[in-house]
Peer 1: 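What follows is a single structure, and I will ask about it in a moment.
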Amino acid sequence: MAVAGTGVFADILDGEVYKYYADGEWRVSGSGKSVAIVNPTTRQTQYRVQACTQEEVNKVMDAAKVAQKAWARTPLWKRAELLHKAAAILKEHKAPIAECLVKEIAKPAKDAISEVVRSGDLVSYTAEEGVRILGEGKLLVSDSFPGNERNKYCLSSKVPLGVVLAIPPFNYPVNLAVSKIGPALIAGNALVLKPPTQGAVAALHMVHCFHLAGFPKGLISCVTGKGSEIGDFLTMHPGVNCISFTGGDTGIAISKKAGMVPLQMELGGKDACIVLEDADLDLVTANIVKGGFSYSGQRCTAVKVVLIMESIADAVVEKVKAKLAKLKVGSPEDDSDITPVVTESSANFIEALVMDAKEKGATFCQEYRREGNLIWPLLLDHVRPDMRIAWEEPFGPVLPVIRINSVEEGIHHCNASNFGLQGCVFTKDINKAIMISDAMETGTVQINSAPARGPDHFPFQGLKDSGIGSQGITNSINMMTKVKSTVINLPSPSYTMG
Ligand code: G3H
């Protein structure tokens with residue numbers, strides 16, 4: 001079986017350190033330094049990546065600017081063809097890329113494969129969607145506005161922004177990278193990728209698939225290194241024309257510093273699951289477990305607080321407890337349902353939220369258990385608004401249940417959050433569901449299912465601190481373009497068939 005850093009991927013490794021990608025080549029940083037990536041399961045260094053310098057970032061930006069000009073002159077069908085090729089190569093090499101996801105971010109083996117396959121599909125869909133929506137423009141005529149004759153024809157179309165900076169998070173270092181790379185490239189932009197430290201090696205393998213597809217040199221680059229060294233330098237770089245970021249509240253700091261460039265930001269959530277008395281309790285249970293605990297709760301769209309009507313709470317808590325008891329807890333290599341969280345500091349943060357809830361009187365449905373970064377699934381019942389876990393995002397396999405006495409109480413809790421990514425409501429009454437959905441201040445509300453970003457062409461957006469702009473393939477392509485108009489001024493009005 002193919003192994004990371006070998007075979008076609010041998011070029012991207014220099015001894016024990018993975019190279020960075022600039023000007024169509026795999027390079028060793030002049031810094032002579034590297035950054036260690038710690039395996040969340042073994043807590044030992046698994047990989048090393050280059051610690052790129054600011055000077056290397058400058059060179060990447062210069063090359064991107066030059067490459068973008070030529071790329072913008074490349075026919076749309078050819079851009080799409082290359083993206084389709086990259087998608088196929090990515091899927092062909094899913095095993096070594098998934099191996100990195102297992103080792104770097106402890107993603108269960110099966111989910112790691114799914115992430116790569118989903119990413120290939122996303123890139124292909126982006127190519128097709130780009131051909132459709134960028135192949136069309138608009139014609140406006142002047143006589144529809146009062147006081148005008150039909151003597152002006154306005155032709156508008158979508159043009160690239162220039163250089164897009166993509167910063168994906170650790171939990172989907174491949175999928176949330178290509179969800180930025182694909183739209184940027186099809187729209188005629190150059191792309192600079194700064195992968196998360198955990199997940200950087202998976203991202204470098206993915207970038208190599210784009211390299212193998214034959215994209216022009218300099219068009220795509222990938223710089224690795226310490227955020228403290230190149231983070232602000234990248235996001236405040238004058239060569240950047242657009243930033244697409246997914247991650248935590250670092251995004252808020254980036255948006256304050258970024259200046260006059262379009263921003264696409266997805267910064268997490270506290271997705272509420274409102275359960276009404278008439279809900280299908282088995283469906284609710286299955287979705288609470290899947291929504292709250294898949295990838296150990298490390299998804300921005302995870303169910304992060306259950307707001308359930310008191311009369312059915314005991315029954316649902318019992319059902320969820322029974323299902324949680326069946327989850328396999330262990331290593332990602334064994335395809336466990338619950339795997340170690342990404343870092344020790346993350347585990348410490350989760351533990352602090354749990355202990356705060358304990359001190360304030362929450363009911364623990366299971367005994368709290370932790371070994372290293374591995375935290376056993378925990379349901380906390382009778383959580384009250386004075387507990388941190390009622391509001392903060394644990395990003396781990398621990399889920400608070402707040403019992404409510406009215407739907408309004410649930411909606412109020414959801415809307416009092418500083419987040420507004422997604423939410424869900426469980427009821428058999430579609431009229432009530434629609435009204436609750438309208439009342440919830442979140443970018444998306446799922447009716448009778450747990451929150452989720454996909455399918456990847458659906459619009460995906462957060463309100464308040466959950467983000468800026470909207471994602472999903474079509475929205476991302478549009479976001480990474482600007483409208484350009486050319487107005488034809490006729491010497492005299494002209495009316496078709498007139
Ligand atoms: O973690 C943030 C992701 O956008 C969530 O994606 O709903 O596919 O897990 P997902």
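The shown structure was predicted, so the numbers you read here are calculated from the model rather than taken from an experiment. When a ligand or atom number is given, it counts from 1 through the structure's own listing order.
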Peer 1: Lys180 and Thr246: side-chain donor and acceptor closer than 3.5 Å?
Peer 2: yes

Peer 1: Would one find more than 12 heavy atoms of other residues, nucleotides or ligands at under 6.0 Å from atom NZ of Lys323?
Peer 2: no

Peer 1: Given a heavy-atom cut-off of 4.0 Å, could you list the residues near ligand 1 in chain and number order?
Peer 2: Arg118, Asn171, Tyr172, Leu176, Glu266, Arg299, Cys300, Thr301, Ala452, Arg453, Phe460

Peer 1: Considering only residues two or more places apart or on different chains, which pairs with a residue in residues 259-276 satisfy side-chain hydrogen bond (donor to acceptor under 3.5 Å, both in side chains)?
Peer 2: Ser244-Gln264, Gln264-Ser476

Peer 1: Is the Phe210 ring parallel, tilted or perpendicular to the Phe215 ring (thresholds 30°, 60°)?
Peer 2: tilted

Peer 1: Quiz question: by atom type and distance under 3.5 Å, do the side chains of Gln422 and Thr301 form a donor-acceptor pair?
Peer 2: no

Peer 1: Looking at Asn418, I want to see if its CG is surrounded by more than 12 non-hydrogen atoms of other residues, nucleotides or ligands under 6.0 Å.
Peer 2: yes

